[in-house]
Every structure is written in C-alpha cells, then in structure tokens.
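No experiment lies behind these values; they were computed from the predicted model shown. Lettering of chains follows the sequences in order, A, B, ..., and the numbering in each one begins at 1.
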Number of protein chains: 2
Amino acid sequence: MKVYTVLLVDDEKRMLDLLELYLAPKGYHCVKCESGVAAIRYLENNKADLVLLDVMMPEMDGWETCKQIREFSNVPIIMVTARGETTDVVQGLKIGADDYITKPFDESELLARIEAVLRRSVGKQAKLEFNGLVWDEAQHKVQYAGHDIFLTPKEFAILGLFLKNPNRVFSREQLIVTLWGYNANTEERTVDSHVKNIREKLRQAGFPIDQFLQTVWGVGYKWGG
Amino acid sequence: MKVYTVLLVDDEKRMLDLLELYLAPKGYHCVKCESGVAAIRYLENNKADLVLLDVMMPEMDGWETCKQIREFSNVPIIMVTARGETTDVVQGLKIGADDYITKPFDESELLARIEAVLRRSVGKQAKLEFNGLVWDEAQHKVQYAGHDIFLTPKEFAILGLFLKNPNRVFSREQLIVTLWGYNANTEERTVDSHVKNIREKLRQAGFPIDQFLQTVWGVGYKWGG
DNA sequence: GATGGATTTCAATAAATTGTAACAGTTGAG
DNA sequence: CTCAACTGTTACAATTTATTGAAATCCATC
C-alpha cells in the first residue's frame, strides 16, 4: 500500500504535534513546517500528496501561502480555519484549496476529509496551464493560442512531467525511470531526441519554448520560467 | 434498491444540515458543498444523481454555477430560491435547471420534487444532435441529412458514448469496461472493428466522420470537432 | 436445427512512433 | 585557448500500433 506524505503547516508547534499524533498511526508520513515560506521551500524541492495548511499564521497567512503554492503545484490542499475566524472560505476555495476543516476538529472528521481529498485527487485527470500553454490529460491534447499541438504519447508524457514539476531538474536517467519504468533499457540520448521534437513542435506553434524547457548543462532538463 | 447521491450546495451550513436531515433518513446519500466552485470541483471528479443548488450565494451564484455544470454534465438540477428573491426563474430553467423550489419549503414538498425529478431523469432518453447528425435513443435511430443510418446495437452504443462525451479520449480498455462491462473478455481489436464499421456507415451517408471520430494514436479514440 | 445478421477474432498490411548510432556543435574547466 | 565532455541533430532501423477484410462464432428467431 502506498504511503502518503502529508505536509503540515502551522505556526504553533503544539498543533503540528497534535496533527502528527492523529496521522502517523494511520500510516501517513508527516512533514512539519512552521511557516508558509518553509512549506513553499519544501514543496519546491520535494513531493507531497497533501498539504494541511493553517489559515491564521504570522508573516504570511494560509491563503497567501495557498496562492503561491498554486503557482507551481497542483498538490491537494486542505485549509485549517479556527471557528469564529472571519475568513471568507469561498474566496479561499477559489484560490485553489480543495477543502477546509474548522478547528477544533476531532480525529475522525480530519481523517475522513483527508481520505476524501486524496481519493478525489487520485482519480483526477490533470489539466495544466502554463503561460497560455494548455496540457489536458482527459482530452490528451496540448493547445497554444487556440490551436492544437499534436504530440506523440511519449512527448505528451514528458511534457506533462515537466509541467507538473516546474523548476525541478530531471536527469535523463530520472526521466527514463519515471516515464519508461525501472527496468527500461533505454539510451540516455533517446531523451534528447524527444526533447528536440517537443521543442520543435512547440516552437512551430509559436510558444516560446526555449524560455521554458531548459537544458541544465551536465545534469539534465528542467521546466523553468 | 439504488442509493441516490444528492449534492447539496448552499453557502449556509445550517441549510445544508437541514437538507441532510430531511434526506438522509429517506436513504439519500448526501454530499455537502458550501460554494459553487466546490460543487463543480466535486462533480468533475465524482458522480451525483441530483444537485440541489441554492440561487443566492456569494462569489458565484446558483445560476452561474448551474450554467457551468451544464457545460460538462447532464445531472438533474433543482434550484432553491428564497421567497421574495427577485430572480427570473424562467430564465434559469432555460439555462438548464430541471426544477426549482422556494424556501421555506416543508419536508414533503422537497421529497416530492426530488422524486419527481429523479423519476423523470431515469426515464429520460437522450436525443443528441451534432452538426446535423441526430442520435435518438428513444427511436434507436441515427439520421443525417434527412435519411436514416442503420447501425447495429453495439455501433449505436459506441457512437452514443462518444457523442455524450465530446473531446474526451477513451482508451479501448475504457470503452470495453463502459459498454461491455467490467468482466467482459473482449479483445481490444474488437473495438477497432466497430469503429471501422461506424466510420464506413457514416461516411456512406455523407457525414464527415473522419473529422469527428478521431484516432488518438497510442491512446484510443475520441469525438472531437 | 437451419438461417441470417451481429459480433468477435484473426492475420496481413499500412502507418506512425520510438530508439539508435554517428556526427556536428557547444560548453566550460583548467 | 584547448580539449574533453556534453548536447543537439539527423537519418534510418526497430518496434509498436492502427486499419482492414475475411473468416469464425454467437445468438435470436423461425
């Protein structure tokens, strides 16, 4: 069974411990952050399956943190609000949070919501947008400026991986393991070929691809702004 | 007996609880959302048999929510309006709602309307039209440019699924599970045969089928404009 | 149980993608 | 500036996938 990584974000250490106390015994791997900035830094370099994000925090509040996370990640986010806090929940859900829960909550409610959000996010087919470039899994289609860009399955998968992990550098080896599988027996040069084709097709469509799909010399490739 | 899932959408928690109090004892499975955005997100990833949608909500009102839901789903929708609210109900029903009910309502009226809408929707047979191509479930008939196109039952079902889900790519596996059933033991190539026959017959009738029923190489087929 | 249409399978062919190897071009450390 | 290592490009071979027609099977109906 898959172990889910949950990122807990709250300025109160005590609350973090309480959340972990609820989640760890259920098999969730918990990572704790005491500020929005720390959470963003974590997510930029690591993967999480879910974020539990407190709204009321000093420096940078939960909504702002949520907004910034959404600029580079589609990780499911559950907002944690205190009863009586006069925050506009609807506004928050619009920013991109997936659900919210009100403190104080009991263990079963917390777990139920987490499971619901995870279940929803697992089956969800991604639809990503980046500077006008749309990558739609359900339609298996890439669009820019209104017209379709025809990509082969491999090209489509590679582009999707980059879009899902902006700014992260992938070595050719990593790309092969992720997209071809562990026991694939593929030359690293093959990745170059696909990258070349992706660049060509997107450039053709007028998308400033060279600005985004970048070569990191001696390491691999990354999608960066 | 089938358990119906009802999606309740209202910005007031109290109203959601009240509705659930009425519906849950009658065997309806209730899902509650506090905003139109949350409701749309839910429906994009989950199934519901009915939506009870409050008109007066901040941010995105019920009509707008209804309109957006209709862009991807045919789920029956009952609008909930407050007495005295000066909304144009006729206008709303045109948008695609199936019925409406005025607050305050009593339990029996609510239940009666829900049952009526569900009964109607269950018996409802689709009739779709696409660029002059008419697919009529009640008559089990397909027409183009005035004359009938004779399709076998399987062909008819496949075409119907595509018309009901424009732009969505179906893998052969998905088509088999959806139209043959989970435990069907059918070769994937069989789908190709049916697709070939559908294409042949529609092409024969003069319909520009190749523009619509498209092969998505390495993935499956889709109905796209 | 024979008939005829519907459905499914199969195999040959066609088409497209993917992988490879060779080489040219580029980069950056020393 | 030089060189070794890395990256980009190209053409083609290998592989995978789609299409098609024909044959086999299924199945309701007479």
Side-chain angles (χ1 to χ4, degrees), chain A residues 140-142 148-162 169-204 209-224, chain B residues 140-142 148-162 169-204 209-224:
Chain A
H140 210 272
K141 192 167 90 172
V142 177
D148 292 6
I149 299 168
F150 178 71
L151 296 185
T152 70
K154 268 273 135 60
E155 291 160 9
F156 187 79
I158 293 171
L159 181 61
L161 184 64
F162 280 121
V169 179
F170 289 92
S171 68
R172 294 173 175 72
E173 180 64 25
Q174 282 179 310
L175 285 168
I176 290 170
V177 168
T178 309
L179 297 175
W180 276 256
Y182 283 99
N183 39 17
N185 189 31
T186 306
E187 293 292 322
E188 297 207 342
R189 234 93 285 298
T190 299
V191 175
D192 296 31
S193 273
H194 289 299
V195 167
K196 172 191 158 284
N197 292 333
I198 291 171
R199 282 173 170 158
E200 196 166 294
K201 289 180 182 177
L202 295 214
R203 198 178 297 126
Q204 191 73 29
I209 183 67
D210 299 302
Q211 223 174 300
F212 293 101
L213 180 37
Q214 304 166 346
T215 302
V216 182
W217 211 87
V219 187
Y221 297 99
K222 77 165 180 180
W223 186 271
Chain B
H140 209 274
K141 201 165 86 172
V142 177
D148 293 5
I149 300 168
F150 177 72
L151 296 186
T152 70
K154 268 273 136 58
E155 290 160 10
F156 186 79
I158 292 171
L159 181 60
L161 185 64
F162 279 123
V169 178
F170 290 92
S171 69
R172 294 172 176 72
E173 180 65 25
Q174 282 179 310
L175 285 167
I176 289 171
V177 167
T178 308
L179 297 175
W180 276 257
Y182 281 100
N183 39 17
N185 190 32
T186 307
E187 292 289 321
E188 297 207 340
R189 295 280 136 253
T190 300
V191 175
D192 297 31
S193 275
H194 290 298
V195 166
K196 169 182 156 287
N197 293 332
I198 292 170
R199 282 173 169 160
E200 200 166 289
K201 289 180 183 176
L202 294 213
R203 198 178 295 126
Q204 193 72 30
I209 183 67
D210 299 301
Q211 220 175 300
F212 293 101
L213 180 37
Q214 303 168 346
T215 302
V216 181
W217 211 92
V219 186
Y221 297 99
K222 78 168 176 181
W223 186 272

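Side-chain contact between B:Arg172 and B:Arg189 is present, with heavy atoms from C-beta onward closer than 4.5 Å. Side-chain atoms of A:His140 and B:Lys222, non-hydrogen and from C-beta on, never get closer than 4.5 Å to each other.
Note on A:Asn185: only backbone sugar-phosphate atoms sit closer than 4.0 angstrom, heavy atoms only; bases stay farther off. Residue A:Tyr221 is in sugar-phosphate contact alone, with no base atom involved, counting any heavy-atom pair closer than 4.0 Å across all strands shown. Residue B:Lys196 is in base contact, counting any heavy-atom pair closer than 4.0 Å across all strands shown. Residue B:Val191 is out of contact with every strand shown, counting any heavy-atom pair closer than 4.0 Å. Base engagement by B:Ser193 is indicated by at least one non-hydrogen atom pair under 4.0 Å involving a base atom.
The nearest whole Å value for the distance from the CZ atom in B:Arg189 to the P atom in C:dA12 is 15 Å. Atom-to-atom, CG of A:Asp192 to P of C:dT18 comes out at 16 Å; the value is rounded to the nearest Å. Rounded to whole Å, atom P of C:dA6 lies 15 Å from atom CH2 of B:Trp180. Atom CD of B:Glu188 is separated from atom C1' of C:dT9 by 14 Å (rounded to the nearest Å). For the pair B:Leu179 CG and C:dT8 P, the computed distance is 11 Å after rounding to whole Å.
Closest non-hydrogen pair, B:Glu155 versus B:Leu151, comes out as OE1-CA, 3.6 Å. The two residues B:Arg199 and B:Ile209 come nearest to each other via the heavy atoms O-CG2, 3.7 Å. Annotation for A:Lys141 and A:Phe156: closest pair N-CE1, 3.6 Å, computed over non-hydrogen atoms. Across all non-hydrogen atoms, the minimal contact from A:Ile176 to A:Ala184 is CG2-CB, 4.2 Å.
Comparing B:Gly218 and A:Gly220 by the nucleotide of DNA chain D that holds the closest heavy atom to each, the one mapping nearer the 5' end is A:Gly220. Between A:Phe150 and A:Thr186, the residue anchored closer to the 5' end of DNA chain C is A:Phe150, taking for each the nucleotide with the nearest heavy atom. For A:Glu200 and B:Thr215, each mapped to the nucleotide of DNA chain D holding its nearest heavy atom, the one lying further toward the 5' end belongs to A:Glu200.
OP1 or OP2 of C:dG5 has not a single side-chain nitrogen or oxygen of B:Thr152 nearer than 4.0 Å. Checking the phosphate oxygens (OP1, OP2) of C:dA6, no side-chain nitrogen or oxygen of B:His194 falls inside 4.0 Å. Residue A:Thr190 places at least one side-chain N or O under 4.0 Å from the OP1 or OP2 atom of C:dT20.
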(request) May I have the step-by-step check of side-chain contact (heavy atoms from CB on, under 4.5 Å) for A:Lys201 and A:Thr152, ending in yes or no? (result) CA-CA 11 Å; A:Lys201 289 180 182 177; A:Thr152 70; 3.9 Å; yes
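The only member of B:Phe162, B:Tyr221, B:Trp223 that meets side-chain contact (heavy atoms from CB on, under 4.5 Å) when paired with B:Phe170 is B:Phe162. When each of A:Val195, A:Leu161, A:Thr190 is paired with A:Leu175, the side-chain contact (heavy atoms from CB on, under 4.5 Å) condition holds for A:Leu161 and for no other.
Side-chain proximity of B:Trp217 to the nucleotides C:dT20, C:dT17, C:dT8 is greatest for C:dT17.
For DNA chain D, the outermost nucleotides in 5' to 3' order that have an atom under 4.0 Å from a heavy atom of chain B are D:dT16 to D:dG21.
Summary for the helix from C:dG1-D:dC30 to C:dG30-D:dC1: the axes at its two ends, each from 5 pairs, differ by 40° when rounded to the nearest 10 degrees.
Residues passing the salt bridge (charged side-chain N to carboxylate O under 4.0 Å, His left out) test with A:Lys154: none are found, sequence neighbours excluded.
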